[in-house]
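Below is one structure, written out as structure tokens; the observations come after it.
Both ligands and their constituent atoms are indexed starting at 1 by order of listing. Note that the coordinates shown come from a computational prediction; the quantities given were computed from them, not determined experimentally.
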Amino acid sequence: MVGNWKMHGRIHDNATLLIEVAAGASALQKSVHVGVCVPCPYLAQSQALLSGSVVKWGIQDVSAHTGGAYTGEVAAEMAADFGVTYAIVGHSERRAYHRESPELVATKAQRALEAGLTPIVCVGESLEEREAGKTEQIIGTQLEAVLNVLTEEQAASIVVAYEPVWAIGTGKTARPGQAQDVHAFLRGKLQAKGASVANVPLLYGGSVKPENAEELFGQKDIDGGLIGGASLKSKDFLAICRAAQTVMLH
Ligand code: 13P
């Protein structure tokens with residue numbers, strides 16, 4: 001269960017949120033993995049407050065470069081200096097607003113892996129693409145670009161998140177069956193890369209809330225969630241984590 005804070009947070013509020021999430025997560029079963037992806041300036045704060053807790057922290061993007069004259073970019077190695085576990089790559093907001101191509105996202109996933117981070121590779125279609133019947137074509141292309149550049153061993157250590165663009169921050173969630181269909185398609189693609197890749201965790205993201213979490217996570221190929229807005233409130237984020245635990249225990 002991974003929170004994506006996006007460009008939210010201030011140092012004072014973060015402290016309360018991080019401490020509350022760490023405290024709440026400590027009561028969960030060890031099999032429920034919890035992480036928060038924070039804005040870069042707060043990686044040090046996250047490291048200070050979450051070290052020794054069960055909650056891992058992550059970055060929301062990494063550069064495709066390892067270093068050099070790239071003003072404003074952050075290398076995966078730099079994030080690793082702050083004990084980071086996860087690196088989101090290819091979030092739809094970056095694909096849309098920063099014109100990130102499937103190939104660029106693939107390079108970013110490679111850089112993250114080389115730095116010892118776990119890339120959370122986001123894929124998703126827009127409403128127009130869904131309505132045109134292109135969902136599988138779009139997300140297939142996005143995932144394949146990444147799988148093509150990774151070895152089977154590398155591919156086995158990524159996380160994939162399906163985030164339909166039309167469900168992000170809109171309050172519109174994919175129906176559980178609708179999300180499951182896409183996850184089953186993604187699972188097939190992973191399986192084709194190799195037996196060890198088939199078990200890569202598949203997260204769903206897009207307006208996950210405490211009220212819809214259990215039904216979504218109850219789907220066969222939905223292994224967890226990438227949570228935006230609801231991860232900014234410890235009560236909601238922890239309720240979503242508990243919903244995942246309830247599903248796992250059944
Ligand atoms: P919301 O949960 O706010 O819809 O955001 C989902 C998301 O984009 C997580 O990466």
If you group Ile, Leu, Val, Met, Phe, Trp and Tyr by side-chain heavy-atom gaps below 4.5 Å, do Val21 and Leu43 land in one group?
yes
Spacing of His91 atom NE2 and Asp61 atom CG [to the nearest 0.5 Å]:
11.0 Å
Gln60 and Glu93: CA distance, side-chain angles, deciding distance, side-chain contact (heavy atoms from CB on, under 4.5 Å) verdict:
CA-CA 11 Å; Gln60 299 171 9; Glu93 287 149 17; over 6 Å; no
According to the ring pair (Phe, Tyr, Trp, His ring centres under 6.0 Å) rule, which pairs have a member within residues 38-89, sequence neighbours left out?
His65-Tyr70
Check: Glu125/Trp166 side-chain N/O donor and acceptor closer than 3.5 Å
yes
Between Glu77 and Thr66, is there a side-chain donor-acceptor contact under 3.5 Å, judged purely by atom types and distance?
no
Residues in the immediate environment of ligand 1 (any heavy atom closer than 4.0 angstrom)
Asn4, Lys6, His91, Glu163, Ala167, Ile168, Gly169, Gly206, Ser207, Leu226, Gly228, Gly229
